[in-house]
Amino acid sequence: MARARVSWDEYFMNIAREVSTRSTCDRKFVGAVIVRDRIILATGYNGSIRGMPHCDDVGHLMEDGHCVRTVHAEANAIVQAARNGVRIDAADIYVTASPCWICFRLIANAGIQRIAFGEFYRDPRVFEMSQALGIELVDMSPKGSAA
C-alpha cells in the first residue's frame, strides 16, 4: 500500500513549526522558512537581538501591548539570508503566523512573492497590500480559507 506524502506546502510549514520551537519569547512561538525551488534558503524564529538576554530569561520588554525585546521570525530569516549572502528574491516564505505590518513590509521589499501562514495574527492590512503588490497569500490554518 502506498504511503501518503505531505504536500510541499505542508512539508515546509511543518519545518516552520519545528523552527518555532527555538523561539525565546513565550508570548508567541513563531517560525519562518524561506524557500525557492523547493530548497530551504533561510530560517528564523522570534528571539532577542543577537547577544542580548532572552524574554524567557529576563522577562518581556512591553510597549503598547507588544514585546519589543524580540526580533520577529520573518525578519530573522531575512537577516539570516543576508548574513549568508543568500538571494531570496522570488522566494516563498512559510510562517507559523501571518506577518505583522512591519514584517510584511520587509517581506515585500525583499522580493518574496508568496507567503504561506499557519494562523492569522493581528494585522489585516497584509491582505489588502499583498493583493496590490501581487504577493500571493496562502492560508494554511486549520480553517484554511485561502486569502
Side-chain angles (χ1 to χ4, degrees), residues 5-56 60-147:
R5 295 173 68 189
V6 298
S7 69
W8 285 107
D9 280 343
E10 292 168 314
Y11 173 74
F12 291 120
M13 186 59 74
N14 287 342
I15 294 171
R17 286 187 195 100
E18 189 65 27
V19 170
S20 77
T21 67
R22 292 284 306 153
S23 174
T24 61
C25 182
D26 60 9
R27 293 189 76 236
K28 186 104 178 131
F29 299 101
V30 181
V33 178
I34 300 175
V35 175
R36 188 178 47 249
D37 299 327
R38 298 181 181 161
I39 296 170
I40 295 172
L41 304 175
T43 65
Y45 54 86
N46 56 322
S48 295
I49 297 170
R50 185 181 296 264
M52 298 300 293
H54 299 293
C55 297
D56 289 354
H60 303 287
L61 180 59
M62 300 298 292
E63 288 181 9
D64 299 323
H66 300 279
C67 180
V68 296
R69 185 181 306 283
T70 62
V71 179
H72 289 187
E74 305 93 322
N76 274 326
I78 291 167
V79 168
Q80 182 186 84
R83 286 178 58 101
N84 291 313
V86 176
R87 184 179 69 83
I88 58 174
D89 188 51
D92 301 347
I93 190 167
Y94 293 82
V95 189
T96 57
S98 61
C100 71
W101 182 238
I102 293 169
C103 287
F104 176 80
R105 295 182 301 179
L106 293 173
I107 289 167
N109 275 3
I112 292 173
Q113 65 184 11
R114 185 171 179 266
I115 303 168
F117 62 91
E119 69 174 277
F120 174 72
Y121 178 68
R122 292 193 187 220
D123 205 321
R125 291 178 287 188
V126 300
F127 296 104
E128 179 182 333
M129 193 58 66
S130 66
Q131 195 168 40
L133 293 169
I135 297 172
E136 181 184 357
L137 288 181
V138 179
D139 182 350
M140 294 185 64
S141 67
K143 295 174 186 168
S145 58

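Just so you know, these numbers come straight off a predicted model, no measurement behind them. Heavy-atom basis, side chains included; hydrogens, waters and symmetry copies ignored.
The two atoms that bring Ile40 and Thr43 nearest to each other are CG2-CG2, 4.0 Å, heavy atoms only. Of all non-hydrogen atoms in Glu10 and Met140, the two that sit nearest each other are N-CE, 3.8 Å.
Here the side chains of Ser98 and Tyr121 are in contact, with some heavy-atom distance below 4.5 Å. Between Gln80 and Val86 the shortest side-chain heavy-atom distance does not fall below 4.5 Å. A 4.5 Å side-chain heavy-atom check between Tyr94 and Val35 finds at least one atom pair inside the cut-off. In this structure, the side chains of Met129 and Arg105 stay at 4.5 Å or more apart for every pair of heavy atoms. Looking at heavy atoms from C-beta onward, Arg114 lies in side-chain contact with Val138 at the 4.5 angstrom threshold. Annotation: side chain of His72 is not in contact with side chain of Ile102 (no heavy-atom distance under 4.5 Å). Looking only at side-chain heavy atoms (C-beta outward), Ile115 and Ser130 stay at 4.5 Å or farther from each other. Counting heavy atoms from C-beta on, the side chains of Tyr45 and Thr21 never come closer than 4.5 Å.
By the neighbour-count criterion of 12 heavy atoms within 6.0 Å, atom CZ of Phe120 is densely surrounded, having more than that number from other residues, nucleotides or ligands. The neighbour count for Met62 CE, taken as heavy atoms of other residues, nucleotides or ligands under 6.0 Å away, is above 12. Shown here is Glu136, whose CD atom has more than 12 heavy atoms of other residues, nucleotides or ligands within 6.0 Å. The environment of CD in Glu18 is sparse: at most 12 heavy-atom neighbours from other residues, nucleotides or ligands sit within 6.0 Å. For Asp37, the CG atom sits in a loose shell: 12 or fewer heavy atoms of surrounding residues, nucleotides or ligands are nearer than 6.0 Å.
Without hydrogens or angle criteria, Thr24 side chain to Asp56 main chain gives no donor-acceptor distance under 3.5 Å.
The closest side-chain donor-acceptor pair between Asn46 and Ser23 falls under 3.5 angstrom.
Results of the side-chain contact (heavy atoms from CB on, under 4.5 Å) test with Ile34 over Asp92, Val95, Ile39, Ile78 single out Ile78 as the only residue that passes.
Using cut-offs of 30° and 60° on the angle between ring planes, the pair Phe117 and Phe127 is perpendicular. Ring pair Trp101/Phe104 is parallel by interplanar angle, where below 30° counts as parallel and above 60° as perpendicular.
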**Evaluation steps, side chain to side chain donor-acceptor pair (under 3.5 Å), between Ser7 and Asp9** = CA-CA 5 Å; Ser7 69; Asp9 280 343; 5.4 Å; no
